[in-house]
Amino acid sequence: MSTKEHPAQPSNETVTAAPQKPKKKWGPTLTPKHQTERQQLPIYQARDAIVHAIKRNPTVIIVGETGSGKTTQIPQFLLEADLAQFGAIAVTQPRRVAATSLARRVAEEAGSRLGHRVGYTVRFDDMSCPATKIKYLTDGMLMREILADPLLHRYNYVILDEAHERTLRTDVLFGMLKQIQKERARMVQVNRAEWQKSHSDKPTGPDTTEKQLPDSDPAPTNGDNQATETNDTSVSTSDKRSKRKFVNELKIVVMSATLDAERFSEYFDHARILYVAGRQYPVRIFNAVEPQNDYLDAALVTSLQIHTEQGPGDILLFLSGQEEIESLEKLLLDQRSQLPPNSMDLLVCPIYAALPAAQQAKVFNPTPPNARKIILATNIAETSLTIPGIRYVVDTGVHKIRGYSSRIGIESLLVAPVSKSAARQRAGRAGREAMGYCYRLYTEDTFDELEEDTVPEILRCNLAAATLQLKASGIDDVLGFDYMDRPPKVAMLRALEQLYALGALDDQGKLSKLGRWMAEFPLDPSYAKVLHASQELGCTTEVIDVIALFSIDTLFFMPFDKREEAAEARRKFMHGDGDHLTYLNLQKAYMEVKGDSSWCHDHFVNGRGMRHVQDVRKQIRQVCQRMGVNPNASCGTDFDKVLQCFIRGFFNHTALLQPDGSYKSVVGSQIVHIHPSSSLFGQRREAIFYNELIFTSKLYIRGVSAIQANWIPEAAPRYFQQKSHMLPSQS
DNA sequence: GAGCACTGC
């Protein structure tokens, strides 16, 4: 194996401390303990330089590695520098847990009760109030806030954290925020001109008796944090004065961990880039000398070698999925008995999203003395979870990644090589607490050939939901939207087509009344359409339950050593017509036992998942009530109605039985396979529909129920008028 | 005969 030092933090533009300026009076007082802790963070030295840059520039890009403290400190710097008088600071996160735990920590540091000056807002959980000045929120939540407040008047600063992850939502937010920033700058300009005009033309006129600018400056000037009074153009009114609102410029801060800052800067009109030093320990990289044709075997050999030859510290091994984790777990347990005497014990801990919570928790148990933990993980451990005690990382160099072909409208979930930045992220997991080691099971040449970054999610997913959000937030020209990475035109057109077929867009491509209604719900457009149809068919209560259940991926656990038991437990809920009504049975049973967690455990039901389902269910019911829809309308036992609702949203997801027993999709004429997790697996029914079509080892359909073939054309007459050749002949 | 990870009035 050849060795190479992990690339160190570049220092070309590292910010330096600026001359100290006298501090203003209006900040929270720090407890001495926290003050010392904060001052020890690398970023504290750059405090004034950062504040100065943000004051002087509309947008700033901040690059800082893990441990720099940028996410917790920069919002506090702004607050302490008195820059948040006229608006709050929003800090977005891709994940809920990050938003809530950061808020907790910053509230403590800033001496605020959580939910007062420092708070958070995530789905189902709002710990903020109108006086909240620093608010951590998920990026999806900020998108929701834009729908209600298109210019985000409440905020003076929006900090987009973890921008390098390029989630679908951060990418959409980039374009939206750029536009909001431009519009607010324009309003400030207009207002400044009016203000100057009114003061030079008629110094004793009635306007001078109006409220003065809050900072009592003689006139607003360029630069920092001005607040001016203006007409809110989003409100039409006969009495302008009563509708006047303070508008100030929106400052955007983009925070990223990678070195791809130039692309962010270019996109944000050549924004200033600041680099802050991290506090990551060095990680020594070892590459395979020869290409490995069996990375599972290489992973096994390498981990055992680390275990028997290297000093203390746990091992984190990255694999592509559950199946690989299970098989390697078995192999390691077999090998454990053959370890040389006197060697440490080896504890094998699998972790992936579909693993029951109780077993997930095991990776966080402290490793007992004279033992070593080896954690077998998917990319859940790359960003979502930080596991303490890791000193060694073994990287297979692969992950499973979702893809989407807009040309054929099919999703995929396939094993693929990681990008260089993902490989670096994985290696970094070994250097959180001390110097670490990373063993890459591929050659240095292979590494050099990897893509620089993972393809942004927006380039590999169905855009229907994002397009509906854009339309609903007032951005009509979605083809001309300012994407940082523009999706192919065919992908955008396909999303528009799908929304049109659902009735969310009218013939001119404008958001219809139905589309507006659909956008109010935190649901994919197809599900929102199903919910809408439920009003007409009188089964809203059943449809809400089924939709809520489909909001989680793993309802039933299938542990590989208790497969038969789990299948037996599942049969109790099985409905002959498929998964949708099976799910309804599960929800009914769950309600009868009042969500008892030991009942869930005994029936191999995902208890944590079911609690999430109840939250979703409650939320959809609330939105229904707000929209004047009765969430209690029930079809009794006429369950055909429920399935008929579903095909109003999934009319393009139907398939017909062929003479040879296979199923052929009505749209696209492809042979599709019912997934083994479906209650209809192995069954022959005249016609079926499905929620999801995904290519893995085969073209699988998931969430499958049986229907009558003649329901299909009725479900979407507008769609099938032009495509009548696709329909079953009897209609 | 089998699914990477997130998210939302």
Side-chain angles (χ1 to χ4, degrees), chain A residues 92-99 121-126 137-149 162 165-170 172-173 318-326 351-355 377-385 398-403 411-416 418 422 425 454 457 460-461 465-466 468-469 472 517-525 527-528 547-548 551-560 563 566-567 612 615-616 618-627 673-678 681-682 692 694-698 700-703:
Chain A
T92 71
Q93 293 294 318
R95 287 166 289 278
R96 290 165 54 95
V97 273
T121 305
V122 297
R123 190 182 188 184
F124 313 130
D125 194 3
D126 184 6
L137 70 177
T138 47
D139 41 25
M141 208 66 208
L142 189 65
M143 282 185 70
R144 279 286 153 194
E145 290 195 0
I146 291 175
L147 288 184
D149 178 11
E162 311 284 12
E165 288 189 24
R166 302 295 305 276
T167 67
L168 174 62
R169 280 164 299 276
T170 47
V172 173
L173 279 175
F318 284 101
L319 292 156
S320 76
Q322 178 177 350
E323 203 184 333
E324 282 182 5
I325 289 174
E326 284 173 353
I351 184 141
Y352 46 89
L355 192 73
T378 60
N379 39 13
I380 194 171
E382 208 173 287
T383 47
S384 309
L385 290 182
V398 290
H399 59 177
K400 262 188 199 165
I401 191 157
R402 227 175 230 273
E411 281 187 298
S412 60
L413 185 62
L414 296 169
V415 177
V418 297
Q425 174 77 20
T454 309
E457 193 182 0
R460 49 182 175 86
C461 74
L468 182 64
Q469 295 287 308
W517 187 94
M518 283 164 56
E520 290 292 321
F521 288 87
L523 295 173
D524 274 340
Y527 286 114
I547 288 176
S551 70
I552 62 162
D553 291 332
T554 311
L555 271 181
F556 296 101
F557 290 127
M558 275 284 160
F560 69 120
R563 226 150 247 217
H612 176 80
D615 286 338
V616 175
K618 190 174 149 202
Q619 186 184 37
I620 301 173
R621 293 176 67 90
Q622 280 169 351
V623 182
C624 277
Q625 243 139 6
R626 180 163 61 77
M627 304 293 284
H673 303 269
I674 297 177
H675 193 271
S677 65
S678 169
F681 178 69
E692 198 182 15
I694 184 157
F695 181 78
T696 54
S697 54
K698 282 180 185 167
Y700 279 114
I701 54 178
R702 302 175 52 112

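Naming convention: chains lettered A, B, ... in sequence-line order (proteins, then strands); numbering from 1 in each chain.
At whole-Å resolution of the value, NZ in A/Lys698 and C1' in B/dA2 are 10 Å apart. To the nearest angstrom, P of B/dT7 lies 7 Å from CZ of A/Arg96. Regarding A/Ile380, its CD1 atom lies at a distance of 5 Å from the P atom of B/dA5, rounded to whole Å. Rounded to whole Å, atom C1' of B/dT7 lies 12 Å from atom CD of A/Glu165. Rounded to an integer number of Å, the gap from A/Arg402 CZ to B/dA5 C1' is 9 Å.
For A/Glu457, the side-chain atoms get nearest to B/dA5 when compared with the rest of B/dA5, B/dG1, B/dA2. Distances were taken from every side-chain heavy atom of A/Met558 (C-beta onward) to each of B/dG1, B/dA2, B/dA5; the shortest belongs to B/dA2. Closest to the A/Asn379 side chain, of the nucleotides B/dA5, B/dG8, B/dT7, is B/dA5. Taking only side-chain atoms of A/Pro676, from C-beta outward, the nucleotide of B/dA5, B/dG1, B/dT7 with the closest atom is B/dG1. If you check B/dG8, B/dG1, B/dC9 against the side chain of A/Asp524, the one that comes closest is B/dG8.
Residues passing the side chain to side chain contact (heavy atoms under 4.5 Å, CB included) test with A/Ala466 are A/Leu168, A/Val172, sequence neighbours excluded. Judged as a side chain to side chain contact (heavy atoms under 4.5 Å, CB included), and not counting sequence neighbours, the contacts of A/Gln469 are A/Met143, A/Arg144, A/Leu147. Contacts of A/His612 classified as ring pair (Phe, Tyr, Trp, His ring centres under 6.0 Å), with partners at least two apart in sequence or in another chain: A/Phe124. A/Phe521 meets the ring pair (Phe, Tyr, Trp, His ring centres under 6.0 Å) test with A/Trp517; sequence neighbours excluded. For A/Glu692, the side chain to side chain contact (heavy atoms under 4.5 Å, CB included) partners at least two apart in sequence or on another chain are A/Arg402, A/Glu411, A/Ile694, A/Arg702.
DNA chain B lies under 4.0 Å from at least one heavy atom of each of the following residues of residues 137-145 of chain A: A/Thr138, A/Gly140, A/Met141, A/Arg144.
Of the options A/Arg166, A/Arg95, A/Arg123, A/Arg169, a salt bridge (charged side-chain N to carboxylate O under 4.0 Å, His left out) to A/Asp139 is made by A/Arg169 and by none of the others.
OP1 or OP2 of B/dA5 has at least one side-chain nitrogen or oxygen of A/Thr378 nearer than 4.0 Å.
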